[in-house]
Every structure is written in structure tokens, then in C-alpha cells.
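Below is one structure, written out as C-alpha cells, with a few remarks after it.
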Amino acid sequence: MDIKKVKRSEDYSAWYNNLVKYADLAEHSAVKGCMVIKPYGYAIWETMQAELDRRFKETGHVNAYFPLFIPKSFFSKEASHVDGFAKECAVVTHYRLKVDEDSREIVVDPEARLEEELIVRPTSETIIWNTYRDWIQSYRDLPILVNQWANVVRWEMRTRLFLRTAEFLWQEGHTAHATAEEAIEETRKMLDVYADFAENVLAVPVIKGVKTPNERFAGALDTYCIEGLMQDGKALQMGTSHFLGQNFAKAFDVKYVTRENKQEYVWATSWGVSTRLMGALIMSHSDDEGLVLPPRLAPIQVVIVPILKKGDANEAVLKKAEEYFFALKKAGIRVKLDDRDTQSPGFKFAEYELKGVPVRIAIGPRDVQNGALEVARRDTKEKQSMAETDLVHKIEHLLEQIQNNLFQRALDYRSEHITAVNSWEEFKDVLENKTGFVSAHWDGSTETELKIKEETKATIRCIPLNNPEEAGTCVYSGKPSTQRVLFAKAY
RNA sequence: CGGGGUGUAGCGUAGCCUGGUAUCGCGCCACAUUUGGGAUGUGGAGGUCGUAGGUUCGAAUCCUGCCACCCCGACCA
């Protein structure tokens, strides 16, 4: 376990890679750019899915599934969309292999070339809107509120586990509406769902905002986002929600008849979050000891480690441990009793710390005699002896406390790392030395945005929602500006 | 895709310069003693040295191509 060899403060990238590996979350696969999500990591993703899926259902959405393959012609129908994704599409050209007569090797059968090539979906707007054309005739068919859980492929040149891989898992919501107002409302509503999920489940504070035209989704009129700040001072886009206007409806000729018997194009939204959230989770809370998981997301919320000794006390210890185990389980807590006698308690302590288990209960002969137990919390590493009376409530309360503490800690860090600056010198200095978000006036032009990016690598992460109007001058160009926007270096 | 680096047992490594089929630690297996913060002893198993060629009597070692990963760029919803 040489996770501790690399300190978070010394080499954040290496620390992250080690953590993903040693906490058993994921590993590189034999396929370039693609990862294997291991059972422990996948269990966390499943919990995220469950929490999100519940929220989607509560807001009226239903799940469906669309094809992995998209005909190239569909893909090219929306001009800005294809522009945005063309450079990272995997393309299927053939449908058969054969054994080469000479070399006896398996080769692509040149006679099995597809008439029309298929794109492996980088996102599904095109296939979905092509389908919606058949589903929508009248205003009575609207709205359509569909979500799909799927994998997508974006051929990246440089990958990082969870943060950027060629294939990743996500959900994509695709909705169709009769009016622009309703679609915009949907876009904003789902942004709120994401923000609620990020803050209350992941315990990661996020800033809700809107992207600049330059950072907008290819094919959208507006892209809303939630932006998080990682422990190394870099920002991470954690989710996006797009108001697509009528772009896809026009590209795929999706019209509906109004009450007044008029033909109108349908209004669209799409929104998604991905396994990238795993990266956000790791980079928001974890430390040199390993992963730190918020209780609401932890596959194991409480682990019970019996301290076994030579002699007859063991039976009593195990019996007590089981008693606690069943009491906690009955209360709906995800609890594990680790009664392996092949590892020492110290080993287990370290292992569960590495895996981020929020609460550890240790119980030995002394505790049994005293009717007590030792409770250790992962977030603060505090240990305390606790009387067994009312154990379930105490643990429930503690889990709640840990959840809140993690959020508060991350929020404090972020608050300290949003810096308002008024000069270009200050801008560069904060970005370089203090890191985090820089709040600065911007003249609103893409030209300035790109120049700033070129000179500092910082991008405009978002224009926060409900951003106060404030007259000022652009930190770069000196031109007049009406508001501050958030810049940061980002993943 | 460009520049740099790395690749030797599950993990981390020595050996490479100066060619003669491999070192050590952790982990793994067995037994014993242990167990309140990563136990100890003894014995044991495990390696086509990333991969494909080349040079050579002989290649982990020298040469070339390829692959993967890491760092820096470019690119990137």
C-alpha cells in the first residue's frame, strides 16, 4: 500500500492515480483509453445512479434506450453539432471478419463494408431526434421526458481515469416541449436536480451558471452547468444542461400541431452527468490516507472490526459484534462485519481508511466488559469510546454529521478560493499562486476569452446564475463590462 | 499527434553503461506463535525481463519498429 508514498500536496496527479488504483475503484484496461471500473468503484457509481434516477423519476422522467450506433448521415444534419464532435468519433465501417487465406490471421473482410458508416455515439441527440419525429404529431404528445443510461465514446488523445476516458458511462436526458419557455424551465429544473445531487449526496458544493458562447454545447442555444472546485484548485465541470432551442427539431423535421392547428417546431433540452462525477468525488474529499466517502454514497457506511485475542473472550466479542451488525443493518445502514481472523485489526483499520468507509467500529474484550465500543470517523480521524446504549441512533447521527462536515469543509475551501480581482497582474498572480476561481470583469467577447486562455490556460467556467450587475472594465481588454465571470484552470 | 520518461513475479524494484536466462522488499501458500493501528519466525510457490524483429555462439542488457502508461504541450463539453 504505497499510496502514502505520494503525498497529495506534493504530486496531485500521481496521488489521484494511486488512489484510484489502491482504493480499488478502477484500472487501465487492455484497450487504449478505456478503463475497467472495478466492483468497489462500480458500487459507488450504482449508488449515484440510484440517487439520480430517483430524482429523475420524481421530476416526471422515464427511462428508455437508444442505439449505440448512429448513421453518419444523421450525425451531419445539425451543422454545429457535427463540428463539435467530428474530431473524436469512432466509426464503424465493416460488419464482418474473416480468416485470411494466406496468413491464417483474422482480418477485416473487405467485402463487408457498410454502405453507410456508423458512428459510435458520442452523445445521442441525433438518433433520438430522428426517432422523436415519429413520436410527435400533436401538442398532445408533448412533453416527452426521456432519460437514458448509456455508454458513449469520445476518442480522446489523452486520458485520465474517470475524468477523461475514450468510453464512459453517463445518463443523457432528452426532452421535447411545445414552447421555448417550457424547455428553458426544464433545462433549469434539471440543473437544479444536478446541483441538489452534487451538494446533498456527493457533498461537493457547486456553482450553477451558464456557459459562454465559446464553451457552449455544439448545437445548443444555452448551456447551463454546475462547476466544482477540486482540492488542487482546478475547476471541474460536473454536469451540463442544455437548452437546444429548435435546432434539432429543424434538423430532423420534428413538428407538432398546436391547438390552433398550426405546424410548429418542437423545443428541446438535453442534460447529462457521467462517471466523471467519480473523479469529482475523489478529488473533493480524499486525503493522504486514501479515499474519503460521504456516507450517502458509501457502499459500506459502517465497518465493524472485532478485536480477537487468545482465550475464550472471542466468542463474546463476536457475539456482540454480530448484535451490533444486525441492529445497524435493520436500521437500514450499510454495515459490514469484518470477522476475518487472517488479518490483524491494524491492517483492517488501514484498509478501510484507504477505501473511505465513513465509520469504523472496533470492539474488543474490554469493550464487551464495559458495554462500550470504539468509534472512529474517517473524515476527521477522531476516535472515541462510546457506550452501546442507543447505538443505532448515535451512528445514524454520526453519519449525518460526517455528511455535513464533508460538505462544509469543501464549501469552506471553495469560499476561500473564489477571488475577485481587478487588474491583469492580479489575475495572473491569483491564478498562478493561489489557484481556484477568479472572479473578474470580462468584456463579453470570444476574442478576449480566447486570448486569456492562451496566455493563462484559464477558461471562463461560467457566468453564475443570478450574477449581480456591476459596472466595471474588462480585466484583459479594459473595455466596459457589466458583470464579473468566473475563470479557472479546469480539468 | 509532438517533446521527454518508464516498462523486469500481483505491487514496488536491482541488474542494463561494460551481453553469459535474474536481485531484494511487500504480497501470496503452509505451519507455529500472534491479534486494541498496516504482526513475527521457519519453509515454499511464482518471471516468454511490455511486444515483434535484428546483431551475436549467447540478449533483460546492444540496435530498430510497435504497444501501453506517466509528465509537458497540442486537442478536448
Side-chain angles (χ1 to χ4, degrees), chain A residues 1-6 11-18 21-22 24 27-35 80-81 83-89 122-123 125 152 154-161 163-166 168 170 172 211-220 222-227 235-242 270-274 276 289-290 305-311 313-314 317 338-354 360-370 372-374 376 381 383 385 453-454 457 459-462 490-491:
Chain A
M1 301 292 170
D2 42 7
I3 164 95
K4 290 182 187 176
K5 270 191 185 170
V6 183
D11 187 343
Y12 200 79
S13 296
W15 168 82
Y16 175 86
N17 289 333
N18 271 337
K21 186 166 148 189
Y22 290 116
D24 245 358
E27 61 191 27
H28 290 282
S29 71
V31 186
K32 184 176 169 63
C34 297
M35 65 178 163
S80 58
H81 189 67
D83 273 355
F85 284 108
K87 282 167 290 182
E88 45 186 5
C89 286
T123 181
E125 274 78 4
V152 286
R154 295 178 186 178
W155 213 261
E156 301 287 353
M157 294 190 210
R158 199 171 150 185
T159 58
R160 289 197 75 188
L161 291 174
L163 297 173
R164 173 163 288 122
T165 47
F168 56 93
W170 76 345
E172 46 182 325
K211 290 289 189 188
T212 62
N214 178 53
E215 297 274 336
R216 216 174 260 159
F217 176 79
D222 260 320
T223 288
Y224 294 86
C225 62
I226 51 171
E227 293 282 326
L236 181 72
Q237 177 176 299
M238 291 171 58
T240 48
S241 184
H242 314 292
S270 68
W271 27 274
V273 296
S274 70
R276 182 176 239 208
E289 272 27 84
V305 178
I307 312 294
L308 304 173
K309 305 231 184 201
K310 213 160 96 172
N314 279 354
V317 169
D338 188 349
D339 58 1
R340 289 177 298 173
D341 59 2
T342 49
Q343 323 295 137
S344 72
F347 179 92
K348 293 178 186 175
F349 292 177
E351 187 178 44
Y352 291 111
E353 274 163 16
L354 180 59
R360 180 186 73 235
I361 293 175
I363 169 167
R366 281 206 309 271
D367 297 311
V368 175
Q369 279 187 342
N370 301 335
L373 54 150
E374 183 191 81
K381 307 212 189 74
K383 284 195 287 197
S385 185
K453 182 180 177 185
E454 198 176 308
K457 301 209 169 67
T459 48
I460 299 179
R461 300 319 303 156
C462 69
Y491 276 99

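A note on names: the letters A, B, ... follow the listed sequences, proteins ahead of strands, and every chain is numbered from 1. Excluded from the calculations below are hydrogen atoms, water molecules and symmetry mates; all remaining heavy atoms, backbone and side chain alike, are included.
- Taking atom CG of A:D338 as the reference point, atom C1' of B:G37 lies 15 Å away to the nearest angstrom.
- Between the side chain of A:E289 and the base of B:G37 there is no donor-acceptor pair of N/O atoms closer than 3.5 Å.
- A heavy-atom distance below 4.5 Å is not found between the side chains of A:T240 and A:Y224.
- Going from atom CH2 of A:W155 over to atom C1' of B:C75 covers 16 Å, rounded to whole Å.
- Within the 4.0 Å cut-off from OP1 or OP2 of B:U34, not a single side-chain nitrogen or oxygen of A:S344 is found.
- Figure legend. B:C1 is base-paired to B:G73; pairs are counted as Watson-Crick or G-U wobble with both atom distances under 3.5 Å.
- Nearest to the side chain of A:R164, among B:C76, B:G38, B:G36, sits B:C76.
- Of all nucleotides listed (B:G38, B:C76, B:G36), B:G38 comes nearest to the side chain of A:F347.
- If you check every strand for non-hydrogen atoms under 4.0 Å, A:R160 touches nothing.
- Nucleotides B:U42 and B:U55 place their P atoms 49 Å apart, quoted to the nearest Å.
- Rounded to whole Å, the separation between the P atoms of B:U40 and B:G4 comes to 45 Å.
- Distances were taken from every side-chain heavy atom of A:P345 (C-beta onward) to each of B:G37, B:G38, B:U35; the shortest belongs to B:U35.
- If you take atom P in B:C16 and the same atom in B:C63, they sit 14 Å apart, rounded to whole Å.
- Summarising the base pairing, B:U51 is matched to B:G65 through a Watson-Crick or G-U wobble pair whose two defining distances lie under 3.5 Å.
- Listed candidates were B:C69, B:C76, B:G37. Nearest to the side chain of A:H28 is B:C69.
- Between the OH atom of A:Y16 and the C1' atom of B:C69 there is a distance of 16 Å, rounded to whole Å.
- Among the protein residues, A:R154 comes within range of the sugar-phosphate backbone only, with heavy atoms under 4.0 Å from sugar or phosphate atoms but none that close to a base.
- For A:E88, counting side-chain heavy atoms from C-beta on, the closest listed nucleotide (B:G36, B:G38, B:C76) is B:C76.
- Within the shown strands, B:U42 is the pairing partner of B:A30 under the Watson-Crick or G-U definition, both distances less than 3.5 Å.
- Here the separation of B:U8 from B:A14, taken at their C1' atoms, is 9 Å to the nearest Å.
- For the pairing with A:D222, the side chain to side chain contact (heavy atoms under 4.5 Å, CB included) check across A:K211, A:R216, A:H242 returns one residue only, A:R216.
- Residue A:R360 is the one, among A:T240 and A:R360, whose nearest nucleotide of RNA chain B lies closer to the 5' end (criterion: closest heavy atom).
- Summarising the base pairing, B:U18 is matched to no nucleotide, lacking a Watson-Crick or G-U wobble pair whose two defining distances lie under 3.5 Å.
- A donor-acceptor contact closer than 3.5 angstrom links the side chains of A:E125 and A:S270.
- Contact annotation for A:D341: no contact, since no heavy-atom pair falls under 4.0 Å across all strands.
- Among the atoms of the strands shown, none is found under 4.0 Å from any heavy atom of A:G239.
- Distance from the side chain of A:A350 is smallest for B:G38 among the nucleotides B:C71, B:G38, B:U35.
- Phosphate contact (OP1/OP2 of B:A74, side-chain N/O of A:K87, threshold under 4.0 Å): absent.
- Atom-to-atom, OH of A:Y12 to C1' of B:C71 comes out at 18 Å; the value is rounded to the nearest Å.
- Contact annotation: side chain of A:K383 to base of B:G37, donor-acceptor pair present below 3.5 Å.
- Proximity of A:R160 to A:Y16: side-chain heavy atoms (C-beta onward) are separated by under 4.5 Å at one or more points.
- What you find for A:R340 and A:K348 is that their closest heavy atoms are O-NZ, 2.6 Å.
- Using a 4.5 Å heavy-atom cutoff, the side chains of A:T123 and A:R154 are in contact.
- B:C49 and B:A9 are spaced 10 Å apart, taking the P atom of each and rounding to whole Å.
- For A:W170, the CH2 atom counts as densely surrounded, since its 6.0 Å shell holds more than 12 non-hydrogen atoms of other residues, nucleotides or ligands.
- Between the CG atom of A:L161 and the P atom of B:C70 there is a distance of 7 Å, rounded to whole Å.
- Distance check on atom C1': B:G12 versus B:A52 gives 28 Å, rounded to whole Å.
- Distance noted for atom C1' between B:G10 and B:G47: 12 Å (whole Å).
- What separates CD1 of A:I361 from C1' of B:G36 is a distance of 15 Å, to the nearest Å.
- If you check B:G12, B:A74, B:C70 against the side chain of A:K21, the one that comes closest is B:G12.
- Using a 4.0 Å heavy-atom criterion, one finds that A:T123 contacts no nucleic acid atom at all.
- Base pairing analysis places B:A9 opposite nothing; no Watson-Crick or G-U wobble pair with both distances below 3.5 Å involves it.
- In plain terms, the two heavy atoms of A:T165 and A:E156 that are nearest each other are O-CG, 4.2 Å.
- Of the two residues contacting RNA chain B, namely A:A376 and A:G84, the nearest-nucleotide position lying further toward the 5' end is that of A:A376.
- Distances were taken from every side-chain heavy atom of A:A362 (C-beta onward) to each of B:C71, B:G37, B:G36; the shortest belongs to B:G36.
- Taking atom CG of residue A:L308 and atom P of nucleotide B:G36, one finds them 10 Å apart after rounding to whole Å.
- Residue A:Q343 contributes atom CD, which lies 14 Å from atom C1' of B:C29 at whole-angstrom precision.
- With both ends at atom C1', the span from B:A22 to B:A60 equals 8 Å, rounded to whole Å.
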